[in-house]
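Contents: one structure, followed by commentary.
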Amino acid sequence: MEVLISGYRLLPHAFATFSVMYLIGYFVVFRNWSPKYRLDASSCFISLFHGTPAVFLAVAAILNQPVRGFASPNTDFQNLVLDFSIGYFTVDLLHYLIFIPGDYLFIAHHLATLFVFVTCRYLVAHGAFSILVLLVLAEVTSACQNVWTLARLRKAELSVAAKIHKNLAPPFYVLYTIMRGFIGPVFFYKMSTFYLSGKASNVIPIWVSASWVIVVGGAIFVSIMWISNLWLELFREENGEKKDR
């Protein structure tokens, strides 16, 4: 199947921008942090510049799509948003491959995410509506998560970091649970039902759409397990504090 990709390609510029932002984070913003934290902090830094902008860009691209549907052709605006995210995930993947090669879960997550984005953008040129909705659901919690993560890194050393981490955890967990535990699975059900029915097979090969379903389903499952463990950890900490009083 031959697909003509039209429009401006943002990918090289996005990759270069996030690479520079990573270096700024490591050598400037977090230069006084302990070496054991600077790498993770730099990863959070570029995530801050991807997550929230990606949400606004994706929402705008979806709203400006003339015909919205799981098998609708990508618009140039949607392709730009996909390039933006591909650039970010590529840089962050390199971060893990070079500095934290043992973090297999994150490496697998980034590889799977890139597979979905790249096939949607450069192979089939259809289905960006579903991918961008999922991007919004995933990244709407990004700002909270990154601030929470940065505070978590320094909470043992800085009282203000410990306070931010403690106060931010409940609202972050609630928002994450709503997005990944409720809205996400509902949208995933509608998306997977459509794709596995073969209704999009004339523009998206079934092997591509089925792989999207597998990747997204796995990501949602892992997200639910992750946030469930965080809730359990929070409850244990609160119970421990009550017993100490």
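Only this structure's heavy atoms are used, side chains among them; waters, hydrogens and symmetry mates stay out. Positions are given from 1, in the same order as the sequence printed here.
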Q. Would E157 and K36 count as a salt bridge (charged side-chain N to carboxylate O under 4.0 Å, His left out) if you check the C-alpha gap in whole Å, the side-chain angles of each, and the deciding distance to 0.1 Å?
A. CA-CA 13 Å; E157 304 168 3; K36 67 178 180 178; 5.1 Å; no

Q: List the atom of L135, the atom of A54, and the distance in Å for their closest heavy-atom pair.
A: CD2-CB, 4.2 Å

**Q.** CZ on F117 to OH on Y122, rounded to 0.5 Å
**A.** 12.5 Å

Q: Find the distance between CG (D40) and OG1 (T149) and round it off to the nearest 0.5 Å.
A: 8.5 Å

Q: May I ask you to check whether over 12 heavy atoms, not counting those of K155, lie within 6.0 Å of atom NZ?
A: yes

**Q.** Distance-minimising heavy-atom pair for G127 and Y195
**A.** CA-OH, 3.8 Å

(Q) With side chain to side chain contact (heavy atoms under 4.5 Å, CB included) as the criterion, how do R121 and R9 come out once you've worked through the C-alpha distance, each side chain's angles and the decisive distance to 0.1 Å? (A) CA-CA 10 Å; R121 168 67 170 98; R9 297 192 182 187; 3.6 Å; yes

Q.
Are F56 and L82 connected into the same hydrophobic cluster when the rule is that any two of I, L, V, M, F, W, Y join if their side-chain heavy atoms are below 4.5 Å apart?
A. no

**Q.** side chain to side chain contact (heavy atoms under 4.5 Å, CB included) evaluation trace for L134 with M191
**A.** CA-CA 10 Å; L134 292 169; M191 166 187 156; 3.6 Å; yes

Q: Using the rule that two of Ile, Leu, Val, Met, Phe, Trp, Tyr join whenever any of their side-chain heavy atoms come within less than 4.5 Å, decide whether L57 and L63 are in one cluster.
A: yes

(Q) Please determine whether ring pair (Phe, Tyr, Trp, His ring centres under 6.0 Å) holds for the pair F45 and F49, giving the CA-CA distance in whole Å, both sets of side-chain angles, and the decisive distance to 0.1 Å. (A) CA-CA 7 Å; F45 186 65; F49 283 91; 5.0 Å; yes

Q | Separation of I214 CD1 from W207 CH2 (nearest 0.5 Å) | A | 11.5 Å

Q: Sequence neighbours left out, what passes side-chain hydrogen bond (donor to acceptor under 3.5 Å, both in side chains) with N146? Give chain and number order.
A: S47, S142

Q. Is the backbone N or O of Q78 less than 3.5 Å from a side-chain atom of T75, with the two atoms forming a donor-acceptor pair by type?
A. yes

**Q.** side chain to side chain donor-acceptor pair (under 3.5 Å) between H110 and Y96, intermediate numbers included
**A.** CA-CA 9 Å; H110 281 24; Y96 281 100; 5.6 Å; no

Q) Any donor and acceptor pair, going by atom type alone, linking the side chain of T141 with main-chain N or O of Y176 inside 3.5 Å? A) no

Q) Are the side chains of I224 and S228 in touch, meaning some heavy atoms are under 4.5 Å apart? A) yes

**Q.** Donor-acceptor contact present, side-chain N74 to main-chain A128, <3.5 Å
**A.** yes

**Q.** Single-linkage hydrophobic cluster, 4.5 Å side-chain cutoff, L105 and W226 together
**A.** no

(Q) Using the rule given for side chain to side chain contact (heavy atoms under 4.5 Å, CB included), can you reason through W212 versus C120, listing the C-alpha separation, both sets of side-chain angles and the distance that settles it, and then say yes or no? (A) CA-CA 9 Å; W212 290 357; C120 178; 3.7 Å; yes

Q) Are V91 and H95 close enough that some pair of their side-chain heavy atoms sits under 4.5 Å apart? A) no

Q) Do the side chain of R68 and the main chain of F129 share a donor and acceptor less than 3.5 angstrom apart? A) no

**Q.** For the student: nearest non-hydrogen atoms of K199 and N202, plus distance
**A.** O-OD1, 3.7 Å

Q.
Using 0.5 Å steps for rounding, measure from the CZ atom of F84 to the NE2 atom of H50.
A. 5.5 Å

Q: Would you confirm whether R31, through its side chain, and V28, through its main-chain N or O, come within 3.5 Å as a donor-acceptor pair?
A: yes

Q. CG of L123 to CZ of F115: how many Å apart, nearest 0.5 Å?
A. 8.0 Å

Q.
Quick check: do I107 and L93 have side-chain heavy atoms less than 4.5 Å from each other?
A. yes

Q.
Test side chain to side chain contact (heavy atoms under 4.5 Å, CB included) on L114 and I86; report intermediate values, then the result.
A. CA-CA 6 Å; L114 282 169; I86 292 171; 4.0 Å; yes

Q: Would you verify whether the NZ or CZ of R38 falls within 45 degrees of the ring axis of F30 while also being under 6.0 Å from that six-membered ring's centre?
A: no

Q. What pair of heavy atoms forms the shortest contact from S197 to F194, and how long is it?
A. OG-O, 2.5 Å

**Q.** Shortest non-hydrogen separation from L150 to C44 and the atoms involved
**A.** CD2-CB, 3.9 Å

(Q) Could you check whether any side-chain heavy atom of S42 comes within less than 4.5 Å of a side-chain heavy atom of F27, counting everything from C-beta outward? (A) no

Q. Quick one: are Y22 and L39 in side-chain contact, heavy atoms under 4.5 Å?
A. yes

**Q.** Same apolar cluster (I L V M F W Y, side chains within < 4.5 Å links), F182/V55
**A.** no

(Q) Using side-chain heavy atoms (C-beta onward) and a distance below 4.5 Å, is V203 in contact with V124? (A) no

**Q.** Cluster link L111 to Y88, ILVMFWY, side chain under 4.5 Å
**A.** yes

Q | R180 to S223 - nearest heavy-atom pair and separation | A | NH1-OG, 2.8 Å

Q.
Can you tell me how far apart CG (L97) and CZ (F106) are? Round to the nearest 0.5 Å.
A. 13.5 Å

Q | Check: P171 and V174 side chains under 4.5 Å, non-hydrogen atoms | A | no

**Q.** Side chains of I164 and V160 in contact at under 4.5 Å (non-hydrogen atoms)
**A.** yes

(Q) Checking T177 against W231: is there a side-chain donor and acceptor pair closer than 3.5 Å? (A) yes

